[in-house]
Structure formats: structure tokens, C-alpha cells
Amino acid sequence: RQVVKQGSQSNQECRSRSPEHVVQELGVLLARHPNDVLCLAAPSNMSSNHQGILQALMEDHPDLLVTTAQAPPLTLDDARKLREAGVHTIHAEIEALTTTFLMAMKRSVTAVQNIALLRYARAVGIRVVWSLLRGFPGDRLEWYEKTRALLPYLAHLQPPSGVFPVTLDRHSPFFSRAPAFGVQHLRPIDAYFELLPPTANINALANYFEGDYPADSRTHPTVIAELEQQTALWRRWWMAGEPPELSVISLEEDVYVIND
């Protein structure tokens, strides 16, 4: 698998390259290492440069299967362009399906926009890799209960990979702005003390931390367990064969048939 990084180490340099330049370099890589799958590590939005690269890839390498990052919001037109450019999988930063939860995360999207991304991706035949988060500092039980109530209505859309705990990483906002999220007593996880010598400056070396903070998901594990069971069942439905489908057919003006 070839990986072309458009938005990492030297971001400005990479993003300033023209689509033609990126595709030319890719052609050299493919000549040396023949492949039919490309992972495009790109900015998590449909920037004009990102679109230009995808269009150039479609023209020069029409048989290439492309995986890329994509954050909500995503329009149906954007989804069509991605599919036409050979994108078969997108890694989406969804993480929650309630707007209140997303606001607490400081995310500038709504639950409706997250669901729209899943809907438009399904409509054009793009697989979505995404997940739900739990254990967020200051989370509320009702956020998870609303999510559980919503899931049965989303069975026709791509299920999440799982429900994963929030991690307190060195370069995350929970570390750099811990007090703003109510996180106290940040400390390296125990594994560092078991693996590193006593003379090591573990606080300086560690990347993964734990801390103390209020979270309803920590005090109501049953709700989280039920949410995990629901998402696991959702994945089993999709792996069993043909995934569930919801479609609307227009018969005439103002007359529609809903197939479920």
C-alpha cells in the first residue's frame, strides 16, 4: 500500500505542491512498487488542492483504489466527487451522534452533519471507518442514552468500528488544557514505571497519561456496555451478508415509496 502524506511533517510545503506534482511523484513510486491501493493522508476537509489531487489521480490512475481522511460536513456532491476519483474508503472524524456531546468536544459540527456524512457515503458506495467515544471528561449519561435511542434508525448506514475510551495523550487538548476540561492530577500510565528504569524522567518521556475527572460514563458502566452491545449487533448485521437498506422511490409528484 502506498501512502502519500499531503498534510503531515512539513504541512506548508506539502500543501503548496500542485496536484500535478503530487501525481507525478506518485507515478514514480508506483513504477518502483506496483500497487492498486493508495492511502492519501490529507487535510480532513475537501480543500481545492485535495480535490485537484483526487481529480488528477482519477485521470492518470483510474484503477487506483483510494482511502482518505474526511471530516464532516460532507455534501452529496462532495461524496460523488470522492467516489468518481476512486475513493472507496474514508476515515471520518465522527466520534459522537449527539450535538451536545460534540459541543463539549469543541467540535464545530452537529449530529445531523455527522449522520449526513454516513448517509451520503452510503448513497455513493463509499465505506466509512469511524468510531464513537466514551469516557469524555464531564460527559453526561443522557448523551449516551440519546445515542442508544438513535441507533436503531441508523442500521442502514455504516456501523462504527467500536466505542472507544478517550485517551489523555501528551499532544491532546486534555493534556495542554487539562483544567479547562476538569482534568486533575495528570500522571503517566503505570506501564511506563514498569518498563523504564527508575532513573528515567518518565514525566518528560511519557506520551500516554491518566487523570482524575468527573464522567457519567465511568460511574454508569452498564449504559456503556449496552451501547457497545448495540454497536456490535449493528456490525454483525452488516457482516452477515447484504447490509440493511433504506431507500425512497418517487412514484409521482408528492408520492413516494419507502423501502426498509
Please find out if less than 6.0 Å separates the ring center of Phe209 from that of Phe175.
yes
Close aromatic pair by centroid cut-off 6.0 Å: Phe136 and Tyr144:
no
Distance in Å, [X] [atom1] paired with [Y] [atom2], rounded so as to fall on 0.5 Å steps:
X	Y	atom1	atom2	answer
Leu141	Thr219	CG	OG1	7.5 Å
Leu154	Gln230	CG	CD	10.5 Å
Leu246	Arg119	CG	CZ	10.0 Å
Ile126	Leu74	CD1	CG	7.5 Å
Leu132	Glu95	CG	CD	9.0 Å
Phe181	Met105	CZ	CE	10.0 Å

Identify the heavy atoms of [X] and [Y] that sit nearest to each other, and give their distance.
X	Y	value
Arg140	Asp216	CA-OD2, 3.4 Å
Gln113	Ser108	OE1-O, 4.3 Å
Trp143	Thr147	O-OG1, 2.9 Å
Ala92	Val128	CB-CG1, 3.8 Å
Tyr213	Gly138	CD1-N, 4.4 Å
Ala71	Leu117	C-CD1, 4.1 Å

For [X] and [Y], indicate whether the former's side chain and the latter's backbone hold a donor-acceptor pair under 3.5 Å.
X	Y	value
Trp238	Ala155	yes
Arg218	Gly135	no
Arg235	Pro160	yes
Arg107	Glu93	yes
Tyr192	Asn207	yes
His33	Leu29	no

Begin from the C-alpha positions of His220 and Ile224 and carry the test side chain to side chain contact (heavy atoms under 4.5 Å, CB included) through to its verdict.
CA-CA 7 Å; His220 296 81; Ile224 301 302; over 6 Å; no
Quick one: do [X] and [Y] end up in the same hydrophobic cluster if we chain Ile, Leu, Val, Met, Phe, Trp and Tyr together by side-chain heavy atoms under 4.5 Å apart?
X	Y	result
Ile94	Val129	no
Val112	Leu157	no
Leu205	Phe193	yes
Ile115	Phe101	yes

Just do the side-chain hydrogen bond (donor to acceptor under 3.5 Å, both in side chains) check on Asp169 and Thr167 with the steps written out, would you?
CA-CA 6 Å; Asp169 302 344; Thr167 58; 3.2 Å; yes
Audit row: Arg187, Asp212, salt bridge (charged side-chain N to carboxylate O under 4.0 Å, His left out) steps and yes/no
CA-CA 9 Å; Arg187 55 200 179 273; Asp212 301 326; 3.2 Å; yes
Any side-chain heavy atom of [X] sitting closer than 4.5 Å to one from [Y]?
X	Y	result
Ser161	Trp130	no
Leu30	Leu26	yes
Leu168	Val183	yes
Leu133	Asp139	no
Thr67	His88	yes
Pro188	Asn203	yes
His21	Glu25	yes
Val109	Pro73	yes

Atom CD of Glu210: over 12 foreign heavy atoms under 6.0 Å:
yes
Side chains of Arg170 and Tyr208, donor plus acceptor under 3.5 Å:
no
What's the verdict on side chain to side chain contact (heavy atoms under 4.5 Å, CB included) for Gln158 and Arg127, showing C-alpha distance, side-chain angles and the deciding distance?
CA-CA 7 Å; Gln158 185 87 43; Arg127 174 174 172 263; 3.8 Å; yes
Going through the distances and angles, do Leu97 and Leu151 end up as a side chain to side chain contact (heavy atoms under 4.5 Å, CB included)?
CA-CA 9 Å; Leu97 295 176; Leu151 294 191; 4.0 Å; yes
